[in-house]
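Worksheet for the structure shown next.
Counting starts at 1 for both ligands and their atoms, in listed order.
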Amino acid sequence: MRAVYFEEFGVLPLVREVPDPVPSAAGVVVRVEATGLCRSDWHGWMGHDADIRLPHVPGHELVGVIDSVGPDVHRFAVGQRVTVPFVCACGDCPECAGGNGQVCRNQTQPGFTHWGSYAEMVALHNADVNLIAVPDSLDAGAAALLGCRFATSYRGLVHQARLAAGETLVVVGCGGVGLSAVMIGQALGATVIAVDISAAALETASRVGAAHTVDSAGLSDAEVVARIRECAPDGADVTVEALGRENTVAIAIRALAPRGRHVQIGLLPEDPTFPLGIVIARELTVLGSHGMPAADYPALLALVASGRLRPQDLISATISLDEAPAALAAMSAATPAAGVTLIALACPARS
Ligand SMILES: [Zn+2]
Ligand SMILES: [Zn+2]
């Protein structure tokens, strides 16, 4: 098969022939239909992820059709269209037994712990636990994006922060995952305030559901908080930081109302200094979100099927596998393009 392949961190990947993957006993091999370009893939390529062993093939949010199955797979068969959470659970450990496969202690992640989906085929482990059937009617781009950013934002807002209709949500950082939080917040009936330094990102945020935007370019952190409070005088009920910077985490915390909930989604290369005094004084709750177990996907799929949430509206470019290395490299730019890039592959099983 052909795959995006690198032997050194930070060096432009090649697109080349590699051996076809073989399913593990409880796993499957999926022929990839589409896969999203995510900032985590960029972090992995830059050497920021300790799980990655070289040489490597990135890619972790995908939709495709099962091409082969291991002997211990019972719930899925060749020819079924599926997606998968980027955290694949083992199904056996205490976290999995408690329904929290997203923090499984034996988790595997395509594109991190093993080769991923920037390829014609990808191996996925513990298929019965992790695969999610995807109806043929669902847009390939929408389905692919459910594997990482939409699942992470959905779990963060619905299961962790318990965002309710009528509440105020502030999203700091409007890249792919931040914009997915804007869309989910709007679909849940919240009033969404989007914050970014990019006018293009804020324009997209408005288009997909933000009621207010704060252009933070050139402003001090205190000025950004003040601008947010002009839109939400009582403070925000829920904040999301989707960028992964110490100062924007602090902005999100300071924008909260007493008893507010902060969801941290942006990945921080180093542990930040954090305004813990405000957490105490306002009795704030700080939450993480690390994907979502397959068993929790039906409600998210139903929201997409209802038409109230349209992940495909975030896709700003669709490229081929051959264009993927350059697109990954373009993410090194200080202000990456707004929206999500989708890598579309041929899928003979559906043609
Ligand atoms: Zn587990
Ligand atoms: Zn991702």
Side-chain angles (χ1 to χ4, degrees), residues 4 24 26-27 32 34-46 48-49 51-52 56-63 83-119 122 124-132 141-156 173-181 183-184 240-244 263-269 288-297 300 311 314-315 324 327-328 331 336 339-343:
V4 174
S24 52
V32 179
T35 181
L37 204 72
C38 177
R39 181 136 294 260
S40 310
D41 297 315
W42 179 87
H43 279 295
W45 172 52
M46 295 306 284
H48 300 162
D49 192 300
D51 286 333
I52 294 178
H56 189 64
V57 174
H60 61 277
E61 52 177 14
L62 66 121
V63 62
T83 186
V84 69
F86 75 92
V87 176
C88 289
C90 74
D92 286 326
C93 73
E95 287 74 27
C96 286
N100 288 302
Q102 78 282 1
V103 288
C104 168
R105 60 184 67 182
N106 306 313
Q107 63 188 250
T108 58
Q109 296 184 14
F112 297 98
T113 60
H114 62 283
W115 285 11
S117 55
Y118 288 10
V122 61
L124 302 170
H125 301 311
N126 295 311
D128 284 345
V129 177
N130 295 303
L131 295 190
I132 299 141
L145 300 191
L146 299 182
C148 175
R149 59 200 102 202
F150 275 87
T152 300
S153 291
Y154 185 86
R155 178 171 164 74
C174 293
V177 73
L179 288 170
S180 69
M183 291 171 80
I184 291 165
V240 167
E241 201 274 0
L243 192 62
V263 184
Q264 184 59 35
I265 290 176
L267 299 176
L268 294 133
S289 180
H290 191 242
M292 186 165 77
D296 288 342
Y297 268 67
L300 173 57
L314 274 195
I315 296 168
L328 198 61
M331 294 179 93
V340 172
T341 299
L342 187 76
I343 305 169

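- For the residue pair Y118 and D41, a side-chain donor N or O sits within less than 3.5 Å of a side-chain acceptor on the partner.
- Here the N, O or S atom of H60 that is nearest to the Zn ion (ligand 2) is NE2.
- Our summary of the site lists the angle at the Zn ion (ligand 2) between SG of C148 and SG of C38 as 130°, to the nearest 10 degrees.
- Taking the six-membered ring where the residue is Trp, the centroids of H290 and F86 are separated by under 6.0 Å.
- With the Zn ion (ligand 1) as the vertex, SG (C93) and SG (C104) define an angle of 110°, rounded to 10°.
- The backbone N or O of G244 sits less than 3.5 Å from a side-chain atom of E241, completing a donor-acceptor pair.
- The aromatic rings of H125 and H114 sit tilted, their planes meeting at an angle between 30° and 60°.
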